[in-house]
Amino acid sequence: VFFCSRATLVAAGCPPLSVIMSESGDDFDYSPPPTLPDGIQKEILVKGDADCWRKPKSGDELTVHYVGTFPDGEKFDSSRDRGEPIKFTLGKGEVIKGWEVGIATMIKGETARFTIQPEFAYGENGSPPTIPPSAVLVFEVELISWISKDDLFNDGGCIKALLQEGRETWIHPEKGNEINLTITSIAQDGSVIEKMPKIDYDVGSHTLGAVSRVVEKALSGMAKGEKCVLYCQKDYVYKDTPHGKVQVELELHEIYNTSDVSLLKNNTVVKKTIKEGQGHEHPEDMYAVRLLVDAVTDGSKPLPGFTGPKELEFKCGAGEVCDALEGATPSMKRGERALITCTVPWKAQEPKLGLAEVSAPKVVFTVEMVDFKKGRELWSLSDDDKVELALLRKEVGAQLFKAKRYELALAKYDKVSETIGSHDSFYPELKQKSIETKRLVELNKAACYLLINDATSALTSCNKVLKEDRNNLKALFRRAKAHHARGEHVEAQQDLERLLELDEGNAEAKALMPHVKRAQKVADKASKNTFAKMCEGFGKIGSGREKPKEEPKPQEPEEPEQRPDVVQVTFKIEYKPAEGEVMYVVGEPEGLGHWDTSKAIRMRKLPQPYVPPVGSGRAPPEYHHWEAIIELHQDCCRFEYQYVIKSPAGERQEEGSKHKCDLTGMGGSRVKCTDSWRNAGA
């Protein structure tokens with residue numbers, strides 16, 4: 001008789017399965033074959049669930065109904081007659097080999113008839129008195145369900161049992177992914193040790209305490225929507241506690257899709273999808289978009305000034321909203337809900353939301369794509385229409401450039417080249433117009449790259465232009481600036497010399513040339529010193545003697561040299577102080593205290609300049625100038641600052657609009673900021 005458990009076998013008068021298998025001479029070694037062997041025939045009577053493709057594996061706990069008969073139809077056993085399905089663990093030798101091999105080919109809900117030869121059943125001896133020797137058996141089996149089980153660490157200490165299969169089973173959490181899950185730990189006596197409902201967790205961070213190791217291991221094979229339980233032996237988790245054997249229940253609610261949506265792909269703006277959108281369409285350039293902004297926070301609390309929730313209507317890529325939203329919008333589907341995290345404050349400044357000024361180091365937008373209206377598809381445009389659209393996008397890019405939206409302008413210029421595509425099949429006049437448009441776009445891109453301190457990309461754009469037009473003046477000058485920024489001063493000087501040959505009166509080239517020569521002089525001096533030290537070291541090798549150090553020769557004082565990536569900034573303001581007052585300057589860059597007035601830069605009051613007496617006998621005018629000279633990195637780009645007066649009575653800060661300074665591309669030079677004290681309304 002075929003039974004699932006030893007108790008059932010004994011009740012039916014059959015010897016234990018281990019005895020039967022040893023008597024038949026078969027050593028049980030379960031490994032489901034890809035096809036059934038000749039001794040087992042299978043006929044599918046009822047197909048399984050259409051949505052279920054998985055099949056049970058060794059270690060899984062199966063629940064089945066069965067009816068066992070001989071080939072002549074005589075029934076010898078049936079779980080259906082008993083009214084209760086049976087359970088067994090696949091691959092553990094609890095059932096005959098024919099079942100182990102045959103049921104491993106079934107899917108959930110399937111009913112199949114297996115005809116099993118004696119070598120896969122009870123062998124030559126049979127199982128008296130119910131099963132005669134060398135009996136062929138027929139089983140009708142329904143696979144009701146199974147609990148998938150895995151030994152996570154192959155030591156029996158932690159067994160994972162699947163309770164509910166997830167969706168999108170081909171997608172699993174990976175290290176660095178952010179997920180949302182629920183964790184419940186239950187002690188051997190049934191009490192709840194701890195429960196963490198619907199928490200956001202970074203996979204690989206191991207910040208879940210005592211259960212971190214087992215949860216991380218289990219997550220690597222889980223899918224969204226999956227539920228499972230981890231059966232942990234005593235002290236496998238929560239060591240040295242009275243909890244005994246522990247069950248850790250897991251439910252994976254969400255695997256967040258995070259992506260870099262910054263315009264330059266530098267991770268300054270990151271989108272995390274918290275609700276999937278509909279379909280597969282995304283808004284393209286110049287599509288009319290409706291975006292709901294539900295909340296804006298600094299990561300924990302709402303930003304002051306936010307006037308939402310508010311629905312914004314704008315054209316994608318036109319610069320009508322801030323860079324953070326411009327970067328995220330093209331990647332969103334209808335109905336998608338997402339968190340947009342921006343780590344550069346000025347990219348999150350959006351007056352339409354009451355955020356004209358943002359000082360928080362991190363800004364998080366909660367947004368939802370309400371809808372967007374499609375424009376004409378690019379493939380449907382004629383060649384003339386493509387060029388006209390490209391010129392329109394080029395004009396929008398120029399407006400963005402004037403507004404100092406350089407990153408968005410670059411994205412727009414890329415769209416120009418993408419719109420035109422290959423112009424080889426255009427008629428001659430249109431082809432020439434396309435070539436000229438692409439050339440102007442590359443020159444504009446080079447200017448943008450220089451202003452955002454990406455000299456290498458600027459070099460690439462200039463080279464594209466000079467490949468077709470070797471005497472292009474703008475390309476030569478911008479390539480010289482790119483070489484200079486990269487420390488390639490010889491190449492920069494060559495480009496400037498070529499430019500001045502073509503245009504002797506070029507003021508920009510004449511102004512840049514001294515900076516390039518001075519930088520090359522510094523580089524030559526550094527190389528000379530390095531080479532001299534290297535030769536001196538080589539000369540001492542193996543000589544067995546050392547030269548006495550010579551007294552250093554007095555050197556003529558040289559003009560202080562600026563590092564090429566550093567700008568010397570002079571802040572100067574006129575203010576007549578009261579008793580005990582001292583002037584300070586504070587601002588956005590780290591070097592100016594990052595708006596922390598306790599770290600503000602103290603200014604010195606300049607001495608009263610000598611003014612020769614005048615014949616009228618009037619007292620000479622008084623001057624009250626304050627000055628501070630500091631070095632700031634050119635990567636500070638555009639920044640804001642204010643002046644602060646400190647005295648024993650406290651401190652007082654300007655109440656008017658903030659002062660502004662732009663260090664973009666100014667490395668190796670000096671900048672002077674001469675200001676006046678601003679009161680409210682100024």
Side-chain angles (χ1 to χ4, degrees), residues 178 180 198 200 254 256-264 268-377 389 392-393 396-397 399-400 403-405 407-409 411-412 415:
E178 187 174 349
N180 183 271
K198 292 191 174 182
D200 286 338
E254 191 67 60
Y256 294 123
N257 178 20
T258 58
S259 56
D260 178 7
V261 293
S262 57
L263 295 170
L264 294 181
T268 56
V269 183
V270 175
K271 183 190 79 170
K272 181 174 79 172
T273 301
I274 54 178
K275 176 190 169 187
E276 293 290 342
Q278 307 155 7
H280 62 277
E281 293 181 333
H282 303 271
E284 298 286 345
D285 188 60
M286 302 307 288
Y287 279 17
V289 171
R290 290 168 55 206
L291 185 74
L292 174 64
V293 182
D294 256 348
V296 184
T297 71
D298 62 1
S300 58
K301 58 182 184 296
L303 281 189
F306 175 59
T307 57
K310 187 172 184 178
E311 187 175 294
L312 300 178
E313 296 186 13
F314 58 95
K315 285 188 176 180
C316 190
E320 297 175 5
V321 293
C322 63
D323 281 15
L325 298 180
E326 285 283 11
T329 300
S331 67
M332 297 186 69
K333 303 174 185 177
R334 286 187 180 90
E336 179 179 337
R337 192 170 178 84
L339 298 178
I340 312 300
T341 302
C342 177
T343 54
V344 179
W346 66 263
K347 292 185 180 182
Q349 292 178 349
E350 180 48 66
K352 295 178 182 177
L353 299 174
L355 302 175
E357 299 288 338
V358 174
S359 58
K362 181 173 77 171
V363 179
V364 181
F365 296 86
T366 303
V367 301
E368 182 175 341
M369 177 59 70
V370 179
D371 196 11
F372 55 84
K373 293 182 180 179
K374 296 175 62 175
R376 290 184 64 185
E377 301 283 356
L389 177 59
L392 174 63
R393 287 176 167 173
V396 175
Q399 294 170 12
L400 293 169
K404 298 185 178 181
R405 302 282 295 275
E407 295 184 10
L408 191 56
K412 185 64 69 175
K415 287 291 183 182

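No donor-acceptor pair closer than 3.5 Å links the side chain of K347 to the backbone N or O of C342. Under a 3.5 Å cut-off, the side chain of T329 and the backbone N or O of E326 do not form any donor-acceptor pair. At distances below 3.5 Å, at least one donor-acceptor pair connects side-chain atoms of R405 with backbone N or O atoms of G319.
Considering only heavy atoms from C-beta on, V269 stays 4.5 Å or farther from D323 through its side chain. For the pair L339 and I274, the minimum side-chain heavy-atom distance is below 4.5 Å. In this structure, V363 and D298 have side chains that are not in contact, with every pair of non-hydrogen atoms separated by 4.5 Å or more. In this structure, E336 and T273 have side chains that are in contact, with non-hydrogen atoms separated by less than 4.5 Å. When side chains are defined from C-beta on, V364 does not count as touching V296, because their heavy atoms never get closer than 4.5 Å. Within the 4.5 Å cutoff, side-chain heavy atoms of S259 are placed close to those of K271. Between K412 and M286 the shortest side-chain heavy-atom distance falls below 4.5 Å. Looking only at side-chain heavy atoms (C-beta outward), K310 and D294 stay at 4.5 Å or farther from each other.
The pair E311-K352 fails the salt-bridge criterion, with no side-chain N (NZ, NE, NH1 or NH2) lying under 4.0 Å from an Asp/Glu carboxylate O. Using a cutoff of 4.0 Å between basic side-chain nitrogens and carboxylate oxygens, D285 and K315 are not scored as salt-bridged. A salt bridge links R334 to E281: one of the charged nitrogens lies within less than 4.0 Å of a carboxylate oxygen.
In summary, the side chains of E178 and T258 do not present any donor paired with an acceptor at a separation below 3.5 Å, with no hydrogens or angles considered. Side-chain contact check for K362 and T341: no donor-acceptor pair (N or O, by modelled atom type) lies under 3.5 Å.
Summarising the geometry of T268 relative to S262, their closest heavy-atom pair is OG1-CB, 3.4 Å, with the distance given to 0.1 Å. Contact detail for P361 and P345: the closest heavy-atom pair is CA-CG, 4.4 Å. The two residues V396 and G317 have their closest heavy-atom pair at CG1-O, 4.3 Å. Closest of all the heavy-atom pairs between R393 and K415 is NH1-O, 3.6 Å. For the pair A409 and G397, the tightest heavy-atom approach, listed with the atom from each and the gap, is CB-O, 3.7 Å. Scanning all heavy atoms of the two residues, the minimum distance from Y256 to D200 falls at OH-OD1, 3.1 Å.
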Just do the side chain to side chain contact (heavy atoms under 4.5 Å, CB included) check on K333 and M369 with the steps written out, would you?
-> CA-CA 7 Å; K333 303 174 185 177; M369 177 59 70; over 6 Å; no
Check the pair F365 / T297 against side chain to side chain contact (heavy atoms under 4.5 Å, CB included), numbers first and verdict last.
-> CA-CA 7 Å; F365 296 86; T297 71; over 6 Å; no
Hey, mind stepping through L325 and V367 against side chain to side chain contact (heavy atoms under 4.5 Å, CB included) and telling me if it holds?
-> CA-CA 9 Å; L325 298 180; V367 301; 4.2 Å; yes
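Distance check: E276 CD to N257 CG gives 6.5 Å after rounding to the nearest 0.5 Å. Taken from CD in E350 to CD in E320, the straight-line distance is 10.0 Å, to the nearest 0.5 Å. The line from CZ of F314 to CZ of F372 is 11.5 Å long, rounded to the nearest 0.5 Å. Between the SG atom of C316 and the NE2 atom of H282 there is a distance of 11.5 Å, given to the nearest 0.5 Å. A distance of 5.5 Å separates OG1 of T307 from CG of L353, quoted to the nearest 0.5 Å.
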